[in-house]
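Let me begin by presenting the structure, written as structure tokens, before commenting on it.
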Amino acid sequence: MEKDQEQGLYIISIAARLTEVHPQTLRIYERKGLLRPERTLKNRRRYSDADITRLRHIQELTQREGLNLSGVRKVLEMEDEIAGLREKVQVLESEMSKMHESMRDGVRQLKRQVALSRRPPADLVIRSRKGGR
């Protein structure tokens with residue numbers, strides 16, 4: 001996720017208004033571990049764009065899908081785990097691609113070395129041409 005989306009921008013009343021929920025609902029979601037807004041030095045909550053997106057997703061799961069907060073927590077945990085696994089797969093695919101390229105380079109080098117080791121010396125090639133004509 002982009003750094004800008006993770007920066008706490010909104011106070012609780014604005015976050016509540018943006019997501020059309022009561023501020024107390026946001027506090028409950030935090031207590032239940034569904035949200036982790038940033039805190040200021042004075043311990044005030046600051047919600048980021050990513051938090052707002054997550055809040056809307058929570059609303060969708062509770063209102064449209066009919067999940068309770070325990071179910072929502074499980075779904076969010078699984079989604080977070082899947083996202084982490086996708087990131088790991090991307091890293092592994094990138095590493096594998098680099099390894100394949102390195103192996104291709106190594107094979108090219110080996111082929112060149114084998115081809116050079118099979119060539120007769122240059123002076124031998126010249127003599128055989130002169131002698132054959």
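- Among residues two or more places apart in sequence or in another chain, the side-chain contact (heavy atoms from CB on, under 4.5 Å) test is passed with Ser70 by Asn68, Arg73.
- Atoms CD and CD, on Gln113 and Gln109 in that order, are 6.5 Å from each other to the nearest 0.5 Å.
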Side chain to side chain contact (heavy atoms under 4.5 Å, CB included) between Arg56 and Leu18, worked out: CA-CA 9 Å; Arg56 289 184 177 134; Leu18 288 171; 4.2 Å; yes
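- Of the options Leu76, Thr19, Leu34, a side-chain contact (heavy atoms from CB on, under 4.5 Å) to Arg54 is made by Leu76 and by none of the others.
- Legend: salt bridge (charged side-chain N to carboxylate O under 4.0 Å, His left out) pairs involving residues 15-29, not counting sequence neighbours: none detected.
- Listed by chain and residue number, Glu60 satisfy the salt bridge (Lys or Arg N to Asp or Glu O under 4.0 Å) test with Arg64 (two or more places apart in sequence, or in another chain).
- Applying the side-chain hydrogen bond (donor to acceptor under 3.5 Å, both in side chains) rule to Glu65 yields no partners; only residues at least two apart in sequence or on another chain are considered.
- Applying the side-chain hydrogen bond (donor to acceptor under 3.5 Å, both in side chains) test to residues at least two apart or on different chains, the pairs with a partner in residues 96-106 are Glu101-Arg104, Asp105-Arg108.
- With sequence neighbours excluded, the residues satisfying side-chain hydrogen bond (donor to acceptor under 3.5 Å, both in side chains) with Tyr10 are Asp49.
- Arg45 approaches Pro37 most closely through the heavy-atom pair CG-CG, 4.0 Å.
- Residues Leu26 and Ala15 share a closest heavy-atom pair of CD1-CB, 3.9 Å.
- Applying the side-chain contact (heavy atoms from CB on, under 4.5 Å) rule to Thr53 yields no partners; only residues at least two apart in sequence or on another chain are considered.
- Every residue two or more places apart in sequence or in another chain that forms a side-chain contact (heavy atoms from CB on, under 4.5 Å) with Lys42 is listed here: Thr40, Arg44.
- Every residue meeting the side-chain hydrogen bond (donor to acceptor under 3.5 Å, both in side chains) condition with Arg39, not counting sequence neighbours, appears here in chain and number order: Glu30.
- Taking 4.5 Å as the limit, some side-chain heavy atom of Gln59 sits within range of a side-chain heavy atom of Val21.
- For Arg112, the salt bridge (Lys or Arg N to Asp or Glu O under 4.0 Å) criterion is met by no residue, not counting sequence neighbours.
- Legend: residues meeting side-chain contact (heavy atoms from CB on, under 4.5 Å) with Glu93, ordered by chain and number and at least two apart, are Val89.
- At a threshold of 4.5 Å between non-hydrogen side-chain atoms, the residues Ile28 and Leu69 count as touching.
- Counting heavy atoms from C-beta outward, Tyr47 and Leu35 have side chains that approach closer than 4.5 Å.
- For Glu79, the side-chain hydrogen bond (donor to acceptor under 3.5 Å, both in side chains) partners are His57, not counting sequence neighbours.
- A 4.5 Å side-chain heavy-atom check between Glu87 and Val91 finds every atom pair outside the cut-off.
- The number of heavy-atom neighbours closer than 6.0 Å to CD of Glu81, taken from other residues, nucleotides and ligands shown, is 12 or below.
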